[in-house]
Amino acid sequence: MTLPSASDGIAFIDGAYVPIAEARIPILDRGFVRSDATYDVAHVWNGRFFRLRDHIARFNASMRGLRMTLPLDEAQIGHILTECVSRSGLRDAYVQMTCTRGVPPKGTRDPRLCENRFYAFAQPFVWLANEEQRDRGLSMIISDIRRIPAESIDPRIKNFHWLDLTMGIFEAYDRGATVVVLSDADGNVTEGPGFNIFIIKDGALATPDQGVFEGMTRRCVLELSRELGIPCDLRTVTAAQVRDADEVFITSTAGGIMPVTTIDARPVSNASVGGITMQLRDLYWARHRTTWLGEPIVYRTEP
Ligand code: PLP
């Protein structure tokens, strides 16, 4: 039987499954007071987990990068995540797994002494942009705010150091745009809050190869473009190249492949969604209607 508020989401915390609104973390967990945490977000579409094993593998790599360990193997993590979804009854869901450093023993601040903690939740699918924005294209700004340098925090480790990105969101809204992309110290674009960026010039794709989180949707685009015979370069991408691109799109678990049709209030080409972007986006979603890279969920209560 599912809980009354299950469709708002189910969390796993302290070994129990609870309605998401009731999940609480200890206030002294360094995940909260020091952003000392890593996480990963997978999605469920049409009752199937998308690339679940790849997400868990990436989560484990992030934990290794932060010198965290959990007494859970990949199968156990997969089981917990599947239970969260199954108990929620959600057919389309946003599913997060988090590992925090944990609570330091009283009177210490030594991260080695903490017992790392695992939290997870499934909630209704979250879209980074609304339907109209996804159809017509997003308006983006390129901010002067620098992305935290890769030498300080390895961006391939999914982390909670989001204040540069969050202040970028404020700047985007102040400037009448919907999304923001940050640059590095050399003026190359990196990524935005929750997404990677691709440009298309003369029929070829390019996406930054450094200073970015290696998104799962980015990986899908690399695979799909190979399948379609569209060349794709992983290289530095300058702000000028973004402004001069024929097409621009962003990629995220929270929305897939989403076109960008204005940059800094200027249209990208003729401000309509470009052909290659459409081809990739349509293929991404068409594949989601099949069993592509999916793992079916057995629901406790069939909706
Ligand atoms: N870059 C950052 C900083 C992110 O936080 C995310 C996802 O949350 C992405 C890129 C896109 O990754 P994915 O396609 O796995 O959602």
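Numbering starts at 1 and runs along the sequence shown. We count ligands from 1, going down the list as the structure has it; atoms in each ligand are counted the same way. Since this is a predicted model, take the numbers as computed values, not measurements.
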Legend entry - Leu224-Phe198 co-clustered via ILVMFWY side chain contacts under 4.5 Å: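 Yes, same cluster.
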Legend entry - Rounded distance (nearest 0.5 Å) linking atom OG1 of Thr38 with atom CE of Met68: 7.0 Å
Legend entry - Spacing of CG belonging to Leu293 relative to CZ belonging to Arg53, to within rounding of 0.5 Å: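 Interatomic distance, Leu293 CG to Arg53 CZ, rounded to 0.5 Å: 13.0 Å.
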Inset, instruction - Please confirm whether Phe160 and Trp162 have ring centers closer than 6.0 angstrom. - result: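 That pair fails the under 6.0 Å test.
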Output, or 'none' if empty, a list of ligand 1-protein atom pairs in which both atoms are N or O and the distance is under 3.5 Å, rounded to 0.1 Å.
from	atom 1	to	atom 2	distance (Å)
ligand 1	1 (N)	Glu191	OE1	2.8
ligand 1	5 (O)	Lys158	NZ	3.3
ligand 1	8 (O)	Lys158	NZ	2.5
ligand 1	14 (O)	Met216	N	3.2
ligand 1	14 (O)	Thr217	N	2.9
ligand 1	14 (O)	Thr217	OG1	2.6
ligand 1	15 (O)	Arg58	NH1	3.1
ligand 1	15 (O)	Arg58	NH2	3.1
ligand 1	15 (O)	Met216	N	2.7
ligand 1	16 (O)	Thr253	N	2.8
ligand 1	16 (O)	Thr253	OG1	2.7

Legend entry - Side-chain donor-acceptor pair present, Thr178, Gln133, cut-off under 3.5 Å: no
Legend entry - Heavy-atom neighbours of Phe32 CZ exceed 12 at 6.0 Å: no
